[in-house]
Amino acid sequence: MRKIVIAGNWKMYKTGAESLEFLKGFTSSLTETPEEREVVLCVPFTSLAVLSKNLHGGRVRLGAQNVHWQESGAYTGEISGPMLAELGVRYVVIGHSERRQYFGETDETVNLRLLAAQKYGLIPILCVGETKQQRDAGETETHIFSQLAQDLVDVDQEKLVIAYEPIWAIGTGDTCETKEANRVIGLIRSKLSNPDVPIQYGGSVKPENIDEVMAQPEIDGVLVGGASLESASFSRIVNYN
Ligand SMILES: O=C(CO)COP(=O)(O)O
């Protein structure tokens, strides 16, 4: 049985105080959430520190949005696996398209970060996906297969989540057709040595489309940006039908 992982990616939103405010509203809604659904909040580093002290062993798992491959060192602005593990962080988003686009993340550094995450007991959420230009040129599959081949070298597929995030569907309101997302995710699965790796869909997921997304047989969860910032909308998403 593949695990269901519903994760919010807060990106660079919310101060510590705002994160606590969110948590107040959100935790009460989790009482209805089926046990087998893993609920993760991937938040800014400062909010990790605040939330880790306030979860009190509840349902919410913490996730970071980046991790460096060294244990420590002169890497200004980076964060290491042991620093995250100390806060009880369980997941880490790696290779998000915004990191690849704005911060020079390459498949080589994505691979190093995946290996480091696993070394320190964190479960990586590896993001892959194509641009609009690649999709229009019929290069969706070759691009994603190339990302997977490079990113997953020596990675343990027993401790991994993958998120398929078509870049053109991120923050645009332009959701990928659910059947098409299901098809691409099936193709991703065909390239894995472990068919039980949970594969999420990400890109303009919201309360209005979550039921349809999760009804697709290949889709094992979602990685949610904008709609995870409000406790009411993220609650509706984790409690999908
Ligand atoms: O990038 C995303 C999650 O990582 C998706 O963002 P949106 O849900 O805001 O489109």
Side-chain angles (χ1 to χ4, degrees), residues 4-14 18-19 22 26 37-45 47-48 60-67 84 89-103 105 110 113-114 117 122-132 134-135 140 143-144 147-148 151 160-178 180-182 184-185 188 197-214 216 219-240:
I4 300 290
V5 183
I6 310 290
N9 173 11
W10 282 2
K11 309 190 180 186
M12 197 176 71
Y13 288 99
K14 292 197 192 293
E18 289 164 347
S19 305
F22 172 98
F26 184 62
R37 293 181 196 170
E38 184 90 320
V39 180
V40 187
L41 289 175
C42 301
V43 303
F45 299 134
S47 295
L48 285 175
V60 178
R61 308 271 174 250
L62 286 180
Q65 300 171 17
N66 194 13
V67 64
L84 297 173
V89 172
R90 196 77 69 89
Y91 290 86
V92 56
V93 175
I94 295 179
H96 191 281
S97 57
E98 288 151 14
R99 300 286 320 164
R100 295 179 191 256
Q101 185 180 351
Y102 304 129
F103 301 101
E105 196 78 81
V110 165
R113 292 184 200 275
L114 287 167
L122 306 167
I123 300 175
I125 301 177
L126 165 65
C127 301
V128 296
E130 80 287 359
T131 61
K132 178 86 172 73
Q134 287 164 330
R135 172 158 284 267
T140 299
H143 174 67
I144 292 172
Q147 286 185 316
L148 291 171
D151 297 351
L160 176 70
V161 174
I162 294 178
Y164 168 52
E165 297 208 314
I167 296 170
W168 48 272
I170 294 178
T172 57
D174 198 6
T175 325
C176 181
E177 288 279 326
T178 48
E180 174 58 9
N182 187 67
V184 176
I185 288 176
I188 292 173
V197 171
I199 309 180
Q200 302 171 309
Y201 167 75
S204 299
V205 172
K206 42 191 180 247
E208 295 75 29
N209 59 25
I210 184 65
D211 298 337
E212 191 185 327
V213 170
M214 290 308 297
Q216 299 298 318
I219 300 182
D220 305 321
V222 283
L223 185 56
V224 187
S228 72
L229 291 168
E230 250 197 68
S231 62
S233 74
F234 196 48
S235 298
R236 171 65 185 88
I237 288 171
V238 301
N239 293 318
Y240 69 85

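Positions are given from 1 along the sequence. From a predicted model like this one, the values you see are computed outputs, not experimental measurements. These values consider heavy atoms only, across backbone and side chains, with no hydrogens, waters or symmetry-generated copies. Both counts, for ligands and for their atoms, begin at 1 and track the order of listing.
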> Is there a nitrogen or oxygen of H96 sitting under 3.5 Å from a nitrogen or oxygen of ligand 1?
Replying inline: yes

>> Just to be sure I read this right, does ligand 1 sit under 4.0 Å from the backbone of L223, its side chain, both, or neither, counting only heavy atoms?
In response: both

> Between the side chains of E130 and Y164, is a donor N or O closer than 3.5 angstrom to an acceptor N or O?
Replying inline: yes

> Against heavy atoms of E165, which atoms of ligand 1 measure under 4.0 Å?
Replying inline: 1 (O), 2 (C), 3 (C), 4 (O), 5 (C)

> Do Q65 and H96 have a side chain donor and acceptor closer than 3.5 Å?
Replying inline: no

> Judged by atom type as modelled, is there a donor-acceptor pair below 3.5 Å linking the side chain of E212 to the main-chain atoms of N209?
Replying inline: no

> Who passes side-chain hydrogen bond (donor to acceptor under 3.5 Å, both in side chains) against N239, sequence neighbours left out?
Replying inline: T33

> When only distance counts, is K11 in polar contact with ligand 1, meaning an N/O pair under 3.5 Å?
Replying inline: yes

> Who are the side-chain hydrogen bond (donor to acceptor under 3.5 Å, both in side chains) partners of T172, not counting sequence neighbours?
Replying inline: none

> What protein heavy atom sits nearest atom 8 (O) of ligand 1, and how far off is it?
Replying inline: G225 N, 2.9 Å

>> Tell me whether R37 contacts the main-chain N or O of Y240 through its side chain, where contact means a donor paired with an acceptor under 3.5 Å.
In response: yes

>> Any heavy atom of G202 closer to ligand 1 than 4.0 angstrom?
In response: no

>> At less than 4.0 angstrom from any non-hydrogen atom of I170, what atoms of ligand 1 do you find?
In response: 1 (O), 5 (C), 6 (O), 10 (O)

> Tell me, which protein residue and heavy-atom name are nearest atom 9 (O) of ligand 1, and how many Å apart are they?
Replying inline: G226 N, 2.9 Å

> So, are R113 and D151 salt-bridged, with charged N and O less than 4.0 Å apart?
Replying inline: no

> Heavy-atom distance to atom 10 (O) of ligand 1: which of S228, G171, G203, A169 wins?
Replying inline: G171

> Looking at N9, which atoms of ligand 1 are within less than 4.0 Å of one of its heavy atoms?
Replying inline: 3 (C), 4 (O)

